[in-house]
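Naming convention: chains lettered A, B, ... in sequence-line order (proteins, then strands); numbering from 1 in each chain.
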Number of protein chains: 2
Amino acid sequence: MKEVNNRKSQIIASSALLFQQKGYDACSVRDIANELNIEAASLYHHFKSKEEILSIICFEMAQKLITALDETNDIYFNAEQKIRMAIEQHVAIIANDLSKSAVFLLEWKRLNEPFLSEFKTLRNQYENGFKQIITDGIQEDVFDDVDAKFAVLSVLSSVNWIIEWYKPTGKMQPKEIAEKISDFVLGGLRKKLVTDSNYKQ
Amino acid sequence: MKEVNNRKSQIIASSALLFQQKGYDACSVRDIANELNIEAASLYHHFKSKEEILSIICFEMAQKLITALDETNDIYFNAEQKIRMAIEQHVAIIANDLSKSAVFLLEWKRLNEPFLSEFKTLRNQYENGFKQIITDGIQEDVFDDVDAKFAVLSVLSSVNWIIEWYKPTGKMQPKEIAEKISDFVLGGLRKKLVTDSNYKQ
DNA sequence: TCATTAACCTAACAAGTGTTAGGCAAATTT
DNA sequence: AAATTTGCCTAACACTTGTTAGGTTAATGA
């Protein structure tokens, strides 16, 4: 019933931007306050610590990704379709909020316990979901017999890397980016025929 | 003629380890000094700032990678061989010093000008070298007509990601890791025959 | 109208930051 | 034997850090 607390999300958005730009540790609560034209102490009316802001950003993004992956698993049955859809969703979520994504991907390490362990659990949950799709694909003989762990890491590192170069004003839109990445990684995943001219032994 | 300054490299090694563990900003010069059982001020006999230590680590790694890529380009002629060799070298260099590599890959953002621009230049140089190999491969019709920029980012993000999970004590050794990654990305790169059963138009 | 809540303020805190100045002792070089 | 270099020290600096206590003001709800 509780509607979106606007001031809170404003602070979180500004924090995410600054955490992305300067890094969590190099960004002071006074930096954040300054961005919002308030005093540093005023932030503590909304949050009980700087780390809480970081944790909210990290867990919010993690939750979004996990939810999207669950939905994908519910809708599609074919492993290739699942991978395509999962990548598309992942790219869309990241492209939708680059700052928060960058914080989620890079600054989560600054979390302390118990946040840290909890975050790692969610992260593993998501990675395992991805891995499962690939494992299924191999089982169904749709994918080549690649090392599933490797494949997941390659796929995820590729899609996550877009935070380093994606610009919303650029020519390439999320959907197109996702397609290109899918094409590329599916090339590495798909069952290859031995008659393929360049196929090595 | 100047031999390796041992104390200096000790300090750099300790710094790299701590920068990796805590992050550059969260790691104080007193943390570094403590690790070496000396006082913080003593570090300034060897370096003129904390940032100098960071820059040495970043540039040393960048230089190693660039040199290795140059050598690869000198030795091999075939695009596929080049990619395989480049990946192998890259993985070997990273695996050889995980701490410095992690700092090189993640903490370079904390550099200030003029270091920052200089670093970015080296980074682009390396990426372009990689990209050139792929472009050549496409031209020679060895590789599929993929987006070279995308391919490079996928390849490099995959190999760089190993700093997150590689353990020297683990079963998989650098050479094997490089092979697996090569197999995977070359699957995405190789020219595919249209007779390939799963090939989607 | 009164009470409550939301949003902010000033002032201060203890602790930690990178860095400098100047000095001392041992090892190395001349 | 003298001079220099190397490696470290103590002490201090000006500044920044996250956070707390306690108070004010305006909006909201009863």
Worksheet entry | B/Ile138 side chain near B/Asp144 side chain, heavy-atom distance below 4.5 Å | no
Discussion item. Which residues in residues 16-26 of chain A have a heavy atom closer than 4.0 Å to any atom of DNA chain D?
Written reply: none
Worksheet item: For B/Ser42, which contact category applies under a 4.0 Å heavy-atom criterion: base, sugar-phosphate, or nothing?
Response: base
Discussion item. Output the rounded distance in Å from CG (A/Leu54) to P (D/dT19).
Written reply: 12 Å
Worksheet item: Does atom CD of A/Gln21 have more than 12 heavy-atom neighbours from other groups under 6.0 Å away?
Response: yes
Discussion item. Please report the distance, rounded to the nearest Å, between CZ in A/Phe47 and P in C/dA7.
Written reply: 11 Å
Practice prompt. Using atom CZ of B/Arg110 as one end and atom P of C/dG18 as the other, report the distance to the nearest whole Å.
Written response: 15 Å
Practice prompt. Whole angstrom is fine here: how far is it from CD1 in B/Ile38 over to C1' in D/dT6?
Written response: 12 Å
Worksheet item: Regarding B/Lys50 and the six-membered ring of B/Tyr24, is the cationic atom NZ or CZ under 6.0 Å from the ring centre and inside 45° of its axis?
Response: yes
Only pairs under 3.5 Å count here: list side-chain donor-acceptor contacts from residues 57-72 of chain B, not counting sequence neighbours, and write none if there are none.
from    : atom 1 : to       : atom 2 : distance (Å)
B/Glu60 : OE2    : B/Lys100 : NZ     : 3.1
B/Thr67 : OG1    : B/Gln63  : O      : 2.8
B/Thr72 : OG1    : B/Ala68  : O      : 3.1

Would you tabulate the side-chain donor-acceptor contacts of residues 26-35 of chain A under 3.5 Å, counting partners in other chains and residues two or more places apart, or write 'none'?
from    : atom 1 : to      : atom 2 : distance (Å)
A/Ser28 : OG     : A/Arg30 : N      : 3.3
A/Ser28 : OG     : A/Asp31 : N      : 3.0
A/Ser28 : OG     : A/Asp31 : OD2    : 3.3
A/Asp31 : OD2    : A/Lys22 : NZ     : 3.0
A/Asp31 : OD2    : A/Ser28 : N      : 3.0

Worksheet item: Does A/Ser28 put a side-chain nitrogen or oxygen below 4.0 Å from OP1 or OP2 of D/dT16?
Response: no
Discussion item. Expressed as a whole number of angstroms, how long is the span from A/His46:NE2 to D/dT19:P?
Written reply: 15 Å
Item to complete: May I have all residue pairs that pass side-chain hydrogen bond (donor to acceptor under 3.5 Å, both in side chains) and include part of residues 170-180 of chain B, sequence neighbours excluded?
Response: A/Asp147-B/Lys180
Worksheet item: What string of B, S and - do you get for nucleotides 19-24 of chain C, 5' to 3', if B is base contact, S is sugar-phosphate-only contact and - is no contact with any protein heavy atom under 4.0 Å?
Response: BBB---
Worksheet item: So which pairs with a foot in residues 120-131 of chain A pass side-chain hydrogen bond (donor to acceptor under 3.5 Å, both in side chains), sequence neighbours left out?
Response: A/His90-A/Tyr126
Practice prompt. Please test A/Asp25 against B/Arg110 for salt bridge (charged side-chain N to carboxylate O under 4.0 Å, His left out), starting from the C-alpha separation and ending with a verdict.
Written response: CA-CA 11 Å; A/Asp25 286 314; B/Arg110 306 305 151 220; over 6 Å; no
Discussion item. Please report the distance, rounded to the nearest Å, between CZ in A/Arg7 and P in C/dT5.
Written reply: 21 Å
Worksheet item: Would you say C/dT5 has OP1 or OP2 under 4.0 Å from some side-chain N or O of A/His45?
Response: no
Worksheet item: Rounded to whole angstrom units, what separation is found between the CG atom of A/Leu43 and the P atom of C/dA6?
Response: 17 Å
Worksheet item: How long is the line joining CD1 of A/Ile11 and C1' of C/dA6, in whole Å?
Response: 12 Å
Item to complete: Taking the side chain as every heavy atom from C-beta outward, state whether B/Asp136 and B/Phe143 have any pair of such atoms under 4.5 Å apart.
Response: no
